[in-house]
Amino acid sequence: MRMSKLFSQTLRDRPSEAEIASHELLLRAGFIRQLAAGIFTYMPFAKRSLTKIENIMREEMSAIGGQEISMPVVHPADIWKKTNRWYQIGSEMGRFKDKAGRDMVLAMTHEEVVADLVCKEIHSYRQLPMLIYHIQTKWRDDPRPRAGLIRVREFTMKDSYSLDADMEGLDLQYRAHYQAYFNIFHRCGVPVIAVKSDVGMMGGSLAHEFMYLTPVGEDTLLICADCGYAANRHIARFQKPNPDKEDLLPVEKIETPEMTTIEELADFLGVPKSRTAKAVFMIATIPEGTEEQEKFVFAIVRGDMNLNEIKLANTVKAKELRPATDEEIRAVGAVPGYASPIAVKDTLVVVDDLIPVSPNLVAGANEEGYHLKNVNIGRDFEADIIADITLAEDGFACPQCGEKLHASRGVEVGNIFKLGTRYSKDTDSTFLDQDGETQYVIMGSYGIGSGRLLASAAEEYNDENGLILPITIAPYEVHLLSLKGAEEAAQGVYEELMNAGVEVLYDDREESPGVKFADADLIGLPLRLTVSKRSLKENSVETKRRDSEQAELIPITETVQRVQTLLTDLHNEIQDLVVEVPFDD
RNA sequence: CGGGGCGUAGCGCAGCCCGGUAGCGCGCACGGUUCGGGUCCGUGAGGUCGCCGGUUCAAAUCCGGCCGCCCCGACCA
């Protein structure tokens, strides 16, 4: 490709909207342009990189038996109503009506379409197991797109769907994806860890997220360096402390004027926060059959810890959870700031499992300006549910080995879900087994966002001068610079490399050397060749890897052969990253 | 959805407080110059000052409403 003809151009200044490296550099190097919040155009460089990423996905999917198809972006709402997600998913779903007034959905994922296909195509156990996938546009109207391609509204995802006759089959396909996903990320040069995660809107029984660890990520993970435990903070467990046993003391009412937070209360009473109980009030929307019901949830965690809303939502099986308003709190007989579970009515009391072993806590008195000392569960109040509902924090004890957990930020570049019969039941997707019995098809779903993967690679590989994308996903392999007075020789080198099948970006522009070098660093192709009067004096071409400071002169007559050797080295270095990863269930 | 910031030429910004003919740098076009790290000189093109309304003799500037974009949080894959 001749740069003089290239559609995209580089930018000298940092666009004001870019705050993180990948966003800034992808904009400046001319990979992407923004159309609206979370909606991007992929320019020639990005398109080439994404195609390479997607071809790696195709190879790895094919290797585990995947067959590529392509499913629609626009769906009739009926199939989403059938699985109930039309009602469960909120404003994130793109909805519109077609000309006849029918409800339509913009694809945010494809379980419904797959289930519809399965229903029509799969009839016999002989057709199972099966694996289908496609690479396709998704629309998710995210409330907060940010950070360039890290979090967008319209994106391309490779999503695959496994179909099995039994759970053992699902397990095999799930594990196959687990390794295939590591292969894909490693081949793109992106280091990831797999963590257990909440199943969220997908439903199902088990899920892993593949996380690229970076401070610019938006998910928080808890990782144990000692035993390797890793989980999304949404579901991370930890070893709770084991407080000393004490005799239960009589309840004592104390005056605590203006003490509405745990900090103020603990300071005022001169006790550690761990001797207090923290009450959090939420309104949960809980589905019951086709109906749903709003319940007031009174959640209690120890004062030195925080509530994990995802754990709470999962515990009470809530579809939605929101903080209760002051009016709602008063309506159940509690007093905001001084609330206690004692003598409240019409509430679901959910108590963290640390509370029953923590004696003589300070809790609200349900009276403005008063708290109670020596409150004990069982004697003074009852719990409807006792469960782990606290948020794991940096420094808490690992649930597996007891060592300190470390909190880290990450970007979710992929996820895998064991769906089981979550979708096949609602859509009546069945097959006949060997005994002629009707069975539900067992499903799994697996996704990787290609743009987010590109952004993660850009985030991982850059320096102050620009991108340094791995050779497997860089838009071209070689950046050929022609400097003044060497045009003819450069043209010859360009043609030879092209004929040898090397992907070359050829800077044939009439620009000063400084501009060309700066653009080459910014775009960051793996290998730079410079043909100049200076190099020609030695009958040579200069080569320089983008990830190295060292330049080398090679005889111009051996250019193709030497370049191919250098490219092979670069490919091998990435291939060395691809390793077997033990499955962590 | 809550909090904060921004919107002036393709990009980065000044001008706004204190109303009076819209500026700078980069980029772009043309001419010359230079040629291994964003050369230098000259000439030039390019702007509904986000949109609507109000105040005023006069609005980029003051007031009101709306829209858009960015960041933090909630949320989300």
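Nothing here was measured: the structure is a model prediction, and the numbers come from that model. Values reported hereafter were calculated over all heavy atoms of this structure, with side chains retained and with hydrogens, waters and symmetry mates removed.
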Provide the Watson-Crick or G-U wobble partner of [N], both distances under 3.5 Å; none if there is no partner.
| N | answer |
| --- | --- |
| B/G23 | B/C13 |
| B/C6 | B/G68 |
| B/C62 | B/G54 |
| B/A29 | B/U43 |
| B/U48 | none |
| B/C35 | none |

Within the stacking criterion (centroid distance below 5.5 Å, interplanar angle below 30°), does A/F417 stack on B/A77? no
Separation between [atom1] of [X] and [atom2] of [Y], rounded to the nearest 0.5 Å:
| X | Y | atom1 | atom2 | result |
| --- | --- | --- | --- | --- |
| A/N308 | A/H234 | CG | NE2 | 7.5 Å |
| A/R12 | A/R28 | CZ | CZ | 10.0 Å |
| A/E60 | A/H186 | CD | NE2 | 11.0 Å |
| A/L529 | A/E477 | CG | CD | 11.0 Å |
| A/F583 | A/R175 | CZ | CZ | 5.0 Å |
| A/T543 | A/I554 | OG1 | CD1 | 5.5 Å |

Rounded to whole Å, how long is the line connecting atom [atom1] of [X] with atom [atom2] of [N]?
| X | N | atom1 | atom2 | value |
| --- | --- | --- | --- | --- |
| A/D519 | B/G36 | CG | C1' | 15 Å |
| A/H479 | B/G37 | NE2 | P | 17 Å |
| A/D219 | B/G73 | CG | P | 12 Å |
| A/D507 | B/G37 | CG | P | 15 Å |
| A/E542 | B/G37 | CD | P | 11 Å |
| A/N308 | B/A74 | CG | P | 12 Å |
| A/I89 | B/A77 | CD1 | P | 8 Å |
| A/L481 | B/G38 | CG | P | 14 Å |

Shortest side-chain distance from [X], nucleotide among [options]:
| X | options | value |
| --- | --- | --- |
| A/E209 | B/G36, B/A77, B/C69 | B/A77 |
| A/D142 | B/G37, B/C71, B/A77 | B/A77 |
| A/E92 | B/C70, B/A77, B/G38 | B/A77 |
| A/V515 | B/G73, B/U39, B/A77 | B/U39 |
| A/P143 | B/C71, B/C75, B/G37 | B/C75 |
| A/R28 | B/C69, B/G38, B/A77 | B/G38 |

Select base, sugar-phosphate, or nothing to describe what [X] touches, counting heavy atoms under 4.0 Å on all strands.
| X | value |
| --- | --- |
| A/A147 | sugar-phosphate |
| A/R509 | nothing |
| A/Q9 | nothing |
| A/A36 | sugar-phosphate |
| A/V152 | base |
| A/E510 | nothing |

On RNA chain B, check which nucleotide each of A/E412 and A/L35 is closest to and give me the residue with the more 5' one. A/L35
Any Lys/Arg nitrogen of [X] or [Y] sitting under 4.0 Å from an Asp/Glu carboxylate oxygen of the other?
| X | Y | value |
| --- | --- | --- |
| A/R546 | A/D463 | yes |
| A/D142 | A/R140 | no |
| A/E111 | A/R422 | no |

Using the [atom1] atom on both, measure [N] against [M] and round to a whole Å.
| N | M | atom1 | result |
| --- | --- | --- | --- |
| B/G46 | B/A29 | C1' | 11 Å |
| B/G50 | B/A9 | C1' | 15 Å |
| B/U61 | B/G3 | P | 26 Å |
| B/U21 | B/C17 | C1' | 22 Å |
| B/A22 | B/C69 | P | 30 Å |
| B/U43 | B/C24 | P | 12 Å |
| B/C11 | B/G53 | C1' | 32 Å |
| B/G31 | B/C72 | P | 47 Å |

Should A/K484 and A/E510 be marked as a salt bridge (Lys or Arg N to Asp or Glu O under 4.0 Å) after you check the CA-CA gap, both sets of side-chain angles, and the distance that decides it? CA-CA 8 Å; A/K484 184 83 178 174; A/E510 287 185 28; over 6 Å; no
Distances under 3.5 Å only, N/O to N/O: pair up the protein atoms with those of nucleotides 43-49 of chain B.
none

One pair to check against side chain to side chain contact (heavy atoms under 4.5 Å, CB included): A/L454 and A/I32. What are the steps and the verdict? CA-CA 11 Å; A/L454 175 61; A/I32 58 173; 5.7 Å; no
Would you check, one step at a time, whether the test side-chain hydrogen bond (donor to acceptor under 3.5 Å, both in side chains) holds for A/E459 with A/T214? CA-CA 8 Å; A/E459 194 62 39; A/T214 165; 4.7 Å; no
Looking at A/Y42 versus A/F31, is the centre-to-centre ring distance below 6.0 Å? no
Compute the ring centroids of A/Y178 and A/Y174, then answer whether they are less than 6.0 Å apart. no
May I ask you to evaluate whether A/R144 reaches the phosphate of B/C72, defined as a side-chain N or O under 4.0 Å from OP1 or OP2? yes
Modelled atom types, side-chain donor and acceptor of A/Q550 and A/S548, under 3.5 Å: no
Can you give one letter per nucleotide of nucleotides 3-11 of chain B, 5' to 3': B if a protein heavy atom sits under 4.0 Å from the base, S if only from the sugar-phosphate, - if neither? --------B
Please list each protein N or O that sits under 3.5 Å from an N or O in nucleotides 31-35 of chain B, with the distance.
unit_1	atom_1	unit_2	atom_2	d
B/C35	N4	A/K484	NZ	3.3

Any donor-acceptor pair under 3.5 Å between the side chain of A/R146 and the base of B/C69? no
side-chain hydrogen bond (donor to acceptor under 3.5 Å, both in side chains) between A/E542 and A/S535, worked out: CA-CA 6 Å; A/E542 183 198 87; A/S535 76; over 6 Å; no
